[in-house]
Amino acid sequence: MSELKKVHIYPPIFFSLQIGNNSVYSKFIDCVYKENIRIDELVNNVINYLEKTTAIIGLSLYGDVFQESSIEKLLIFCKSKNIKTSYDISCEKMNVSFFNNYLNYFDLVRVLFFSMDPQKHNKMFFGNEFKEVTDFIKTISLNKIGKVLVMPVLENNLKELESICQFASDNNFKINPLPIPVWCGTNNTVLSKEHYEIFLNKLATLKNIYGDCLYLDVPAGYKHFTKPSICPGLRLSFDVNSLGQVRPCKFSSFILCDLINIQRYWNSCSELWHSADSCKICVDYDKCGGGCMGNKKNICDADYYCSRGDKTHV
């Protein structure tokens, strides 16, 4: 039987932040919806947190911007502290205008793209329509800012993986194929275990073509790649929704604590991460790190797509 190695717990270095009710991820996750969200209060809490830690090097924003002055305050603060910022943008005019106004404050932009078929893409998204997205991609194509095309992968667009990767490459974007997690609280048709395996085989082939321009975001696929693909959730990163509540990532279905308590809570939740019975005796633990937080029902659950789920591997 293999014993789990002692876990070294490091402070978080990155987190994502929901800055508005609507989000480009709204179709795929249970976003918090609340009238009159106090983004100004949230931003103040984020800045207070950042002032107390020197470990954070990256912040990723997502959600519609409707309190621009508060977000401007946050961007200026991050710039002054050399914290790299990114924006997962919905390509509605309001958000594109905001992004253009503050372009010099961002280091990376991430664009969600579902299908090369306009009708199929538009059916999946609300307010992030095909023409708006493709126009934005072409406009930003030659800009020196970091650019990533995020492809949410479901049953009905898996066959487009190769063509969307080529589209991203043609427009100078890196590509992040993102299989939508099982337990993120939506009714989308996520990949079956059989099709997840097909997805991993495709990804391994595409990795040989696109190299480091293709992001691996699939912990359960470690057997298909030459290096581990370990989930950063509660290892190096966390997510904060618009109410200031902390989750392992935006796709996680469970709340851990409030942002104001994250420093006190971090060590204990990190220890829980590594204590899942289904993982701690696994010989492959160092390769997958316990799987994807979005594919767990709770912090100690096994990854839904784990190929070792039968526990015959001890």
Side-chain angles (χ1 to χ4, degrees), residues 23-29 62 86-92 95-96 108-141 146-225 229 249-251 292 294-295 304-305:
S23 163
V24 73
Y25 292 102
S26 296
K27 186 70 175 181
F28 309 107
I29 62 177
Y62 65 101
S86 65
Y87 186 30
D88 290 22
I89 190 170
S90 168
C91 294
E92 291 179 292
N95 295 320
V96 172
L108 177 73
V109 62
R110 288 160 47 97
V111 182
L112 266 70
F113 190 83
F114 187 74
S115 175
M116 299 299 295
D117 179 342
Q119 289 186 333
K120 192 173 179 180
H121 176 95
N122 292 346
K123 185 177 180 180
M124 179 55 63
F125 288 112
F126 174 76
N128 197 44
E129 295 190 352
F130 185 87
K131 186 179 186 308
E132 294 174 331
V133 174
T134 51
D135 284 350
F136 178 78
I137 287 171
K138 291 173 183 176
T139 300
I140 202 85
S141 174
K147 301 177 287 292
V148 178
L149 194 74
V150 180
M151 176 190 176
V153 181
L154 294 169
E155 287 280 344
N156 62 336
N157 72 336
L158 175 58
K159 292 181 179 179
E160 296 189 58
L161 179 59
E162 293 86 351
S163 60
I164 291 179
C165 284
Q166 186 61 56
F167 174 72
S169 178
D170 289 345
N171 286 280
N172 302 310
F173 274 67
K174 294 184 177 181
I175 176 71
N176 180 191
L178 181 66
I180 297 302
V182 174
W183 308 122
C184 57
T186 63
N187 295 319
N188 292 298
T189 308
V190 299
L191 295 178
S192 66
K193 292 185 177 182
E194 178 185 359
H195 287 169
Y196 192 83
E197 187 67 20
I198 292 173
F199 165 72
L200 293 176
N201 287 327
K202 285 174 173 278
L203 211 56
T205 300
L206 290 167
K207 186 66 177 174
N208 292 329
I209 299 172
Y210 297 104
D212 290 339
C213 289
L214 181 75
Y215 291 169
L216 300 177
D217 209 358
V218 282
Y222 61 92
K223 292 182 181 178
H224 296 261
F225 312 114
S229 175
C249 79
K250 63 176 68 69
F251 292 102
C292 167
N295 287 323
Y304 175 82
Y305 292 111

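Start at 1 with the first residue, then count along the sequence.
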Show the nearest heavy-atom pair for residues [X] and [Y], with the distance to one decimal.
X    : Y    : answer
I198 : L158 : CG2-CD2, 4.4 Å
P181 : C292 : CG-SG, 4.4 Å
N157 : K120 : CA-NZ, 3.9 Å

Answer yes or no: is there a donor N or O on one side and an acceptor on the other, between the side chain of [X] and the main chain of [Y], under 3.5 Å?
X    : Y    : value
K174 : G146 : no
N128 : V133 : no
Y305 : V218 : no

(message) Measuring only between side-chain heavy atoms, which start at C-beta, is T189 closer than 4.5 Å to L154?
(response)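 When only atoms from C-beta onward are counted, L154 and T189 do not touch, as no gap falls below 4.5 Å.
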(message) Within the 4.5 Å heavy-atom criterion, are C91 and V96 side-chain neighbours or not?
(response)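 Yes, side chains in contact.
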(request) Using side-chain contact (heavy atoms from CB on, under 4.5 Å) as the criterion, list what pairs up with S141, not counting sequence neighbours. (result)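 Checked S141 against side-chain contact (heavy atoms from CB on, under 4.5 Å); matches are N171, N172.
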(request) Could you pull out all residues at least two apart from D135 that satisfy side-chain contact (heavy atoms from CB on, under 4.5 Å)? (result)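 Partners of D135 under the side-chain contact (heavy atoms from CB on, under 4.5 Å) test: K131.
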Taking only residues two or more places apart in sequence, or in another chain, which ones meet [X] in a ring pair (Phe, Tyr, Trp, His ring centres under 6.0 Å)?
X    : value
F114 : none
F113 : H121, F130, F167
Y222 : none

(request) Check whether NZ of the Lys or CZ of the Arg K207 lies under 6.0 Å from the centre of the six-membered ring of F225 and within 45 degrees of that ring's axis. (result)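 Not satisfied by the 6.0 Å and 45° rule.
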(message) Looking at Y304, I'd like to know if the NZ or CZ of K193 sits under 6.0 Å from its six-membered ring centre while staying within 45 degrees of the ring's axis.
(response)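 Yes - K193 lies over the ring of Y304, closer than 6.0 Å to its centre and within 45° of its axis.
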Distance-only criterion, 3.5 Å: show the donor-acceptor pairs between side-chain atoms of residues 209-216 and protein atoms not counting sequence neighbours.
residue: Y210; atom: OH; partner: Q166; partner atom: N; Å: 3.4
residue: Y210; atom: OH; partner: Q166; partner atom: OE1; Å: 3.1

